[in-house]
Each structure stands twice: as C-alpha cells, then as structure tokens.
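For reference, the structure discussed in these notes is given below.
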Amino acid sequence: MHLSTSFLVSLSAAVATVNGALTRVTNFGNNPTGLEFNINVPSKLAQKPGIILALHGCFGSGEAYYQQTKYSSLSEQKGFITIFPTSKRDSNCWEVNTQKGLSRNAGGDNQGLISMINYTISKYSADPAKVFVTGSSSGCMMTNVLMGTYPDVFAAATCYSGVAAGCVAGSPGASPISSDGKCANGLVIKSQAEWVSVVKAMYPGYSGKYPKLATFHGTADTLVKLPNLAEQLKQWSGIQGVSFNFNQTNTPQSGYTKIVYGDGSKLVGYQAQGVGHTVPVHETEDLAWFGL
Ligand SMILES: *[C@@H]1O[C@H](CO)[C@@H](O)[C@H](O)[C@H]1NC(C)=O
Ligand SMILES: *[C@@H]1O[C@H](CO)[C@@H](O)[C@H](O)[C@H]1NC(C)=O
C-alpha cells in the first residue's frame with residue numbers, strides 16, 4: 001500500500017510540474033467541503049505579491065486549468081501567485097446552488113476557497129489588497145458568488161460564460177446533470193432591485209465596496225445561455241451604482257463588443273459574437289483589469 005501510494009504521489013507531482021511548480025497544499029485551514037488546493041508560485045515572486053484564484057469549470061480540475069491557461073507563465077514575468085483549486089463533488093462543479101454555498105462562513109465551497117487565500121496571504125506575505133478571482137463556466141458562477149459573499153476579500157474579478165450570483169439558488173445541484181437547468185437556460189430573469197437584494201443577503205449588513213467585474217459571454221453559448229450576461233450586468237451595475245454608458249465594438253478583438261458601464265472602471269461586459277461555451281480565457285485582459 002505504502003509503495004503504490006508514494007508512486008502515485010510522485011507521478012502526479014511529475015505531471016503537475018511540467019511548466020513550473022504546481023504544488024498541492026494540505027492542512028490550510030477550514031475546508032468544509034473537501035476541496036483540493038493547488039498553488040503555483042513563480043520562481044521570482046514579487047514583493048507583497050498579488051493572488052489570483054483561478055476556478056475551473058464543471059468536469060475540470062485545478063491541474064487542467066493550470067495547463068489550459070497562461071497564468072503560470074505570465075506569473076513568471078509578473079510575480080503573482082495563482083491558486084488552482086479543484087472541486088471534487090457534483091461533477092466537479094462549484095457549490096453555487098445551496099443556502100450554505102451562497103452564504104458567508106456557512107460551510108460551503110466558498111469558505112474553503114477563502115481559507116486557501118488566507119493561507120497564501122500569510123505564507124507568502126501577499127498583499128491582501130491584491131486578491132483577485134477569475135473562472136470559466138461554473139468557475140464564473142462561483143466568481144459571482146465570491147463577489148457577493150466575500151466582497152471584502154477581492155479587489156477585482158473577471159470571468160467567462162457564467163451567471164449572476166444566486167441565479168442557481170434552490171436548484172438540486174449545480175452541474176449540467178444535477179441542476180434544474182433554469183438558470184443556465186437563461187430563464188432566471190430578475191429586476192435590478194431583486195438582484196441587488198440577492199447579493200446583499202449574502203453578506204447582510206456589509207456596507208463596504210464590492211469588487212469590480214469584467215465578464216465575458218458568447219452569443220452562441222447553448223450550455224449557459226446569453227441572457228445570463230445581461231443578468232450579471234444588471235446585478236453588478238445595481239451594486240456598483242453605475243449605468244450603461246456606451247459600447248465599443250471589436251474590442252479587445254474582432255467580433256467582441258465591450259459593454260461599458262459608468263467610466264468603465266467598475267463594470268464591463270464582453271459579448272463575443274458567434275462564440276460558444278466557453279469564451280476562451282483572455283489572460284492579458286484579466287491582468288490589465290487586475291492592475292498586475
Ligand atoms: C480569513 O482571515 C480573516 C482575517 O484573518 C479571518 O477573519 C477569516 O475568518 C478567515 N477566513 C477563513 C475562511 O478562514
Ligand atoms: C450594446 O451591445 C450589446 C451587446 O452587443 C447590445 O445588446 C446592446 O443593445 C448595445 N447597446 C447599444 C445602445 O448599442
């Protein structure tokens with residue numbers, strides 16, 4: 001037993017370090033749902049480094065998201081740390097449907113993710129004012145939930161092909177298999193005041209600022225349908241107190257429309273014409289939005 005376990009451990013470590021170090025961390029604090037914590041620390045760490053929490057989609061893993069995205073190679077130039085956690089339940093989707101998952105310090109996935117951030121801040125003397133979150137699909141859904149439940153932790157967020165915070169509330173699951181499908185199908189439409197109350201209820205009494213958001217969605221997304229972009233923008237424009245200002249076509253590339261709220265410093269959407277699920281990760285846009 002011992003031999004085969006250590007063989008498997010060294011095998012997975014070898015796979016994980018192909019493009020630089022991705023290391024599994026254990027004993028990092030309260031982890032009520034049993035998430036896996038993988039961390040990528042660049043060889044040249046910045047002074048008081050920033051932290052990006054990068055969340056995979058359903059059926060994904062932290063190891064795969066690390067391979068699929070360019071955060072680890074960019075961190076070698078910029079010196080930030082990336083956390084690539086793995087959800088092991090509900091087809092590896094994030095818990096964005098339950099009451100506890102949509103609350104603060106209530107035993108959901110979100111709480112384990114915050115423990116990873118706490119651990120990273122103290123272990124690497126990271127800058128608590130430079131903590132960011134991003135994700136794809138279910139990871140974008142969780143990005144919205146973290147913005148609502150832990151607005152004091154994150155300075156900024158970007159995400160790809162997700163839904164508003166609380167959109168999946170009450171569904172029996174959060175995966176394409178286990179959920180009731182209403183939110184993903186674009187059938188959960190609320191007024192701005194309703195969406196704002198959903199966010200406020202996630203951290204009652206909080207009066208501080210909320211993270212800024214840049215959120216991407218493809219018009220040809222058949223899995224998480226396009227109305228979810230407008231619902232996210234409705235929600236966060238209400239929270240931020242900004243309104244639609246103007247569109248900038250073909251930004252950051254041909255076929256993408258940048259939808260600018262207010263002066264563009266707190267909320268932007270990107271609608272990608274003809275792009276399906278999920279919109280490819282735009283790491284350089286993410287880093288610019290984060291100020292890294
Ligand atoms: C994270 O750290 C903050 C500040 O020390 C603390 O208040 C909070 O309880 C911690 N959260 C978790 C989930 O460990
Ligand atoms: C801005 O762009 C979005 C996405 O393409 C579109 O739905 C909306 O109608 C546009 N608004 C204006 C005023 O052009």
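Start at 1 and go down the list; that is how both ligands and their atoms are numbered.
- Checked against the 6.0 Å centroid criterion, the rings of Phe216 and Tyr160 qualify as a close aromatic pair.
- At a threshold of 4.0 Å, the pair Lys88-Glu36 counts as salt-bridged, since one of the basic side-chain nitrogens sits closer than that to a carboxylate oxygen.
- Using bins of under 30°, 30° to 60° and over 60° for the plane-to-plane angle, the ring pair Tyr206/Tyr203 lands in the parallel bin.
- Counting protein heavy atoms under 4.0 angstrom from atom 11 (N) of ligand 2 gives one or more.
- Shortest contact from atom 14 (O) of ligand 2 to any protein heavy atom: Asn247 ND2, 3.2 Å.
- Residue Asn118 has at least one nitrogen or oxygen atom sitting less than 3.5 Å from a nitrogen or oxygen atom of ligand 1, judged on distance alone.
- Remark: among candidates Pro128, Pro32, Ser115, Gly29, the nearest residue to atom 13 (C) of ligand 1 is Ser115, based on non-hydrogen atoms.
- Interface of Gln111 with ligand 1, defined as ligand atoms under 4.0 Å from a residue heavy atom, comprises 13 (C).
- Of all the heavy atoms in Lys100 and Asn110, the pair that sits closest is O-OD1, 4.2 Å.
- Ring centroid separation for the pair Phe132 and Phe80 does not come in under the 6.0 Å cut-off.
- Two rings, from His56 and Phe84, have their centers 6.0 Å or more apart.
- Shown in contact with Gln271 at under 4.0 Å from a heavy atom are these atoms of ligand 2, numbered in order with element: 4 (C), 5 (O).
- Near Phe244, with a cut-off below 4.0 Å to any heavy atom, the atoms of ligand 2 are 11 (N), 13 (C).
- Residue contacts with ligand 2 for Phe246 are absent, since no atom lies close enough (heavy atoms, distance under 4.0 Å).
- When distances from atom 4 (C) of ligand 1 to the protein are checked, no heavy atom turns up under 4.0 Å.
- Asn247 and Thr257 are not linked by any side-chain donor-acceptor pair at a separation below 3.5 angstrom, with hydrogens and angles left out of the test.
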